[in-house]
Amino acid sequence: MDKVRVRFAPSPTGYLHVGGARTALFNWLFARHHGGTFILRIEDTDRTRSTEEAIEQIMASLRWLGLDWDEFYRQTERFDIHQHYAEELLRRGAAYEADGAVWFRMPKDGVTVVDDLIAGKVEFQNREFKDLVILRSDGTPTYNFACVVDDTEMGITHVIRGDEHLPNTPKQLHIYRALGLTPPKFAHLPLILGPDRTKLSKRHGAVSVLEYRRKGILPEAMVNFLARLGWSHGDQEVFTREELIRYFDLDGVGQSPSVFDEQKLLWLNREWMRRLPVPELTKLVQEFLLLEGVASPEQIAAIPEDIMHRAVELFRDRSRTLVELAHTARMLFPGELAVPPDGQELLRPELAEPFEVMAQALDQVRDRSPAALEATIRETLARLDLPLKAVALPMRVVVSGSRVGPGLFEVLALVGPRLAAERLHRAAEKLRKG
RNA sequence: GUCCCCGUCGUCUAGGCUGGCCCAGGACACCGGGCUUUCAAUCCGGAAACGGGGGUUCGAAUCCCCCCGGGGACACCA
């Protein structure tokens, strides 16, 4: 095989959605697997719909996913090249001028066969086609034409794109033919659908790649998830980037469309949160503590590093996103914790006394380790003649703001005896007042 | 409407080219149980699919035909 050259060619009319991201990923993986070149080409020939922000967003999305490009082009900067090819078509009699535009003459009978690497041989009846505009009356090229010219000029070997482009392929094939060029190989990827089995779009909820970043999805999880949408490698579900590069090829791509299942994305995300080294994850969590308004930079800085790491380690098994994890971490910071609705019933008046006693005991503790705190709590409970079971859940609710979470003594160690004592003391006061 | 594509558990899929190893395997989700101060993790178990009908064959998820269903494309958008 010639040295592989592929491109991802989005039109900058909006954010990068997951369908586009998957197309970009498959191109990137194909290039990296074959030691080829991955090109980013912005198809902005429609100047009325293209925006600079969209270009920025697309690049930011690709960077976040870790899909680096080797070459970059913009179609609007290549109009002279397109024009040149249009003149050539005119000269050859394959195109003509009408209504101020340049039109390409499509054959009116016979069949055109597209030999697709994924879909196989697909036949199109030529009578289905009408002549097509290749240069608009303002002189700018249209998609099918610019695409052929640029793919040729850039030496593209494989066009890997969404299935919605399959019907464009015979048109492009005829342009190649009229120009006397050998077309690249084509591979059309089955669509990604929403839960209602129609093409994934805004009405299905989050579809922008950057939205998933904001939701606390890790790029590793997103890449892993997207790769498994339409591609498989035996029974393996979790892949590192290196594994994807090693195993990815077009023969692993299926022919049927796939439904975007957010549940599986969330599962993969937790898998990846658990695989990430703790210090790395912690940095991300800290970003989300700020983004979510859970804590201020000063408050975050005030938490000892080992406590922070331990918290992240304990919370990540219970969170599916960075956002969830950040909210769980609220207990680490000073301030009121709302009693959750399902915790209200646990706070019975007779707990005021034990809470107060334990608050005082905790206040004396120097050693912040879970073991030391456990010893203190158990001693105090023995003095009060109460079993742990009688106070564990209510205490957890008061100290952490939730009836679920890590072990009670771990929670106390994370929150710290002083803050825990303060919360218990306040709860006791409230209970006494009724 | 016309053309094209697709059709294995709810979802992602393995298997299909080279029929028997598949009364269909894995994963997510779901249900039940163990563990535990709670939840999660984890472990054990469960329910769940070859769209339908005809062929071909000793034998079909796999090959052929028809039907049904779903989706996509039909711009001086990409």
Side-chain angles (χ1 to χ4, degrees), chain A residues 9-13 20 42-46 48-50 75 98-103 114 116 118-120 122-130 132-147 161-171 188 190-193 195-199 225 227-238 251-252 254-268 270-271 274 314-320 328 342-343 346 374 377 387-397 400 402-411:
Chain A
S11 64
T13 53
I42 302 294
E43 309 228 325
D44 53 351
T45 59
D46 182 356
T48 58
R49 300 201 311 150
S50 304
Q75 279 186 327
D99 301 320
V102 179
W103 298 70
V114 175
D116 190 271
I118 293 169
V122 184
E123 288 190 3
F124 293 87
Q125 299 297 320
N126 290 337
R127 65 182 137 77
E128 295 297 324
F129 304 124
K130 293 178 282 186
L132 49 102
V133 169
I134 56 175
L135 287 188
R136 300 185 183 94
S137 40
D138 66 0
T140 59
T142 57
Y143 169 72
N144 281 116
F145 176 61
C147 189
R161 81 232 298 192
D163 225 0
E164 69 269 25
H165 287 296
L166 189 55
N168 284 321
T169 312
K171 302 176 190 174
H188 288 91
L191 264 26
I192 297 180
L193 311 177
D196 61 353
R197 307 207 70 99
T198 64
K199 198 173 164 183
F225 176 71
R228 282 289 288 105
L229 228 43
W231 174 84
S232 62
H233 179 73
D235 284 339
Q236 190 170 343
E237 294 289 349
V238 181
D251 57 13
Q255 293 166 291
S256 50
S258 33
V259 173
F260 188 92
D261 179 14
E262 205 164 285
Q263 292 285 355
K264 190 157 182 185
L265 206 211
L266 291 170
W267 169 74
L268 271 172
R270 194 185 49 208
E271 287 298 310
R274 297 171 68 186
L314 288 168
F315 295 158
R316 66 175 167 181
D317 271 346
R318 297 166 174 80
S319 318
R320 299 200 297 178
T328 305
D342 63 356
L346 295 169
E374 174 165 7
I377 295 297
L388 177 61
K389 234 183 164 101
V391 294
L393 215 44
M395 258 184 100
R396 171 198 304 285
V397 166
S400 74
S402 169
R403 55 190 290 166
V404 304
L408 176 62
F409 307 116
E410 290 283 6
V411 165

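By convention in this document, chain letters (A, B, ...) are assigned in the order of the sequence lines, proteins followed by strands, and residues within each chain are numbered from 1.
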When rounded to whole Å, the CZ to P distance for the pair F409(A) and U38(B) reads 12 Å

Distance between P atoms of G10(B) and A24(B) (Å, rounded):
15 Å

Any strand counts, and the cut-off is 3.5 Å on both contacts for Watson-Crick or G-U wobble. Which nucleotide pairs with C28(B)?
G10(B)

Taking the inter-plane angle between the rings of F129(A) and F124(A) on a 0 to 90° scale, is it parallel (under 30°), tilted (30 to 60°) or perpendicular (over 60°)?
tilted

Does K199(A) make a side-chain N or O approach to OP1 or OP2 of A73(B) shorter than 4.0 Å?
yes

Would you kindly check whether a donor in the side chain of T142(A) faces an acceptor in the base of C76(B), or vice versa, at under 3.5 angstrom?
no

For the pair made of CG in L229(A) and P in U13(B), what is the distance, rounded to whole Å?
6 Å

L132(A) atom CG is separated from A78(B) atom C1', nearest whole Å, by 14 Å

Under 3.5 Å, is there a donor-acceptor pair linking the side chains of S400(A) and R396(A)?
no

In whole angstroms, how far is the C1' atom of A75(B) from the CH2 atom of W103(A)?
10 Å

Pairwise 5' ranking along RNA chain B for R274(A) and V122(A), keeping only the more 5' one
V122(A)

Gap between atoms NZ and C1', on K130(A) and C76(B) respectively (whole Å)
12 Å

So which one's nearest nucleotide on RNA chain B is more toward 5', V259(A) or Y143(A)?
V259(A)

E164(A) has its side chain closest, among G72(B), A40(B), C5(B), to G72(B)

Starting the side chain at C-beta, find the nucleotide from C6(B), U37(B), A78(B) nearest to A392(A).
U37(B)

How far does OG of S402(A) sit from CG of L393(A), to the nearest 0.5 angstrom?
9.0 Å

CG of D138(A) versus P of C76(B): gap in Å, rounded?
13 Å

Value in whole Å for how far the P atom of C12(B) lies from CZ of F225(A)
10 Å

Roughly how many Å apart are C23(B) and C50(B), using the P atom of each and rounding to a whole number?
14 Å

So which nucleotide does U42(B) pair with, by the Watson-Crick or G-U wobble rule with both distances under 3.5 Å?
G34(B)

Where the side chain of R396(A) is concerned, which of A75(B), U38(B), A78(B) is the nearest nucleotide?
U38(B)

Any residue meeting salt bridge (Lys or Arg N to Asp or Glu O under 4.0 Å) with K171(A), in chain and number order, not counting sequence neighbours:
none

Taking the C1' atom of each, how far is C30(B) from A47(B), in whole Å?
9 Å

Report all interatomic pairs (protein N or O, nucleotide N or O of nucleotides 25-29 of chain B) with separations under 3.5 Å.
residue, atom, partner, partner atom, Å
G25(B), N2, D235(A), OD1, 3.0
G26(B), N2, E237(A), OE2, 2.8

Atom C1', compared across G34(B) and C21(B): separation rounded to whole Å:
35 Å

Say you draw a straight line from NZ of K264(A) to CG of L229(A); how long is it, rounded to the nearest 0.5 Å?
9.0 Å

Once you apply a heavy-atom cut-off of 4.0 Å, does P190(A) come out as touching a base, just sugar-phosphate, or nothing?
nothing

Hey, does Q236(A) reach any base, or is it just sugar-phosphate, or nothing, if we go heavy atoms under 4.0 Å?
nothing

Looking only at atom C1', what distance separates U38(B) and A27(B), rounded to whole Å?
29 Å

Let's see if you can work this out: which of C76(B), A40(B), U37(B) has an atom nearest to the side-chain heavy atoms of A101(A)?
C76(B)

Classify the nucleic acid contact of L408(A) as base, sugar-phosphate or nothing, counting any heavy atom under 4.0 Å across all strands shown.
base

Given A78(B), A41(B), U37(B), which nucleotide is nearest the side-chain atoms of T45(A)?
A78(B)

I want to verify a distance call: between C4(B), C76(B), C12(B), whose nearest atom is closest to the F124(A) side chain?
C4(B)

Please classify the nucleic acid contact of G100(A) as base, sugar-phosphate, or nothing, using heavy-atom distances under 4.0 Å.
nothing

Base, sugar-phosphate or nothing for H188(A)? Non-hydrogen atoms, less than 4.0 Å.
nothing

Ranking C76(B), A78(B), C39(B) by distance to the side chain of R49(A), first place goes to A78(B)

A60(B) versus C22(B) - spacing of their C1' atoms, nearest Å
11 Å

Give a yes/no on whether any side-chain N or O of R136(A) is located under 4.0 angstrom from OP1 or OP2 of A75(B).
no

N/O (side chain, S258(A)) to phosphate O (OP1/OP2, U13(B)) under 4.0 Å:
yes

Quick one: F315(A) CZ to A40(B) P, roughly how many Å, whole number?
16 Å

Sticking with atom C1', work out how far U62(B) lies from U56(B), rounded to a whole angstrom.
13 Å

Base, sugar-phosphate or nothing for S232(A)? Non-hydrogen atoms, less than 4.0 Å.
sugar-phosphate

Between Q255(A) and C6(B), is there a side-chain N or O to OP1/OP2 distance below 4.0 Å?
yes

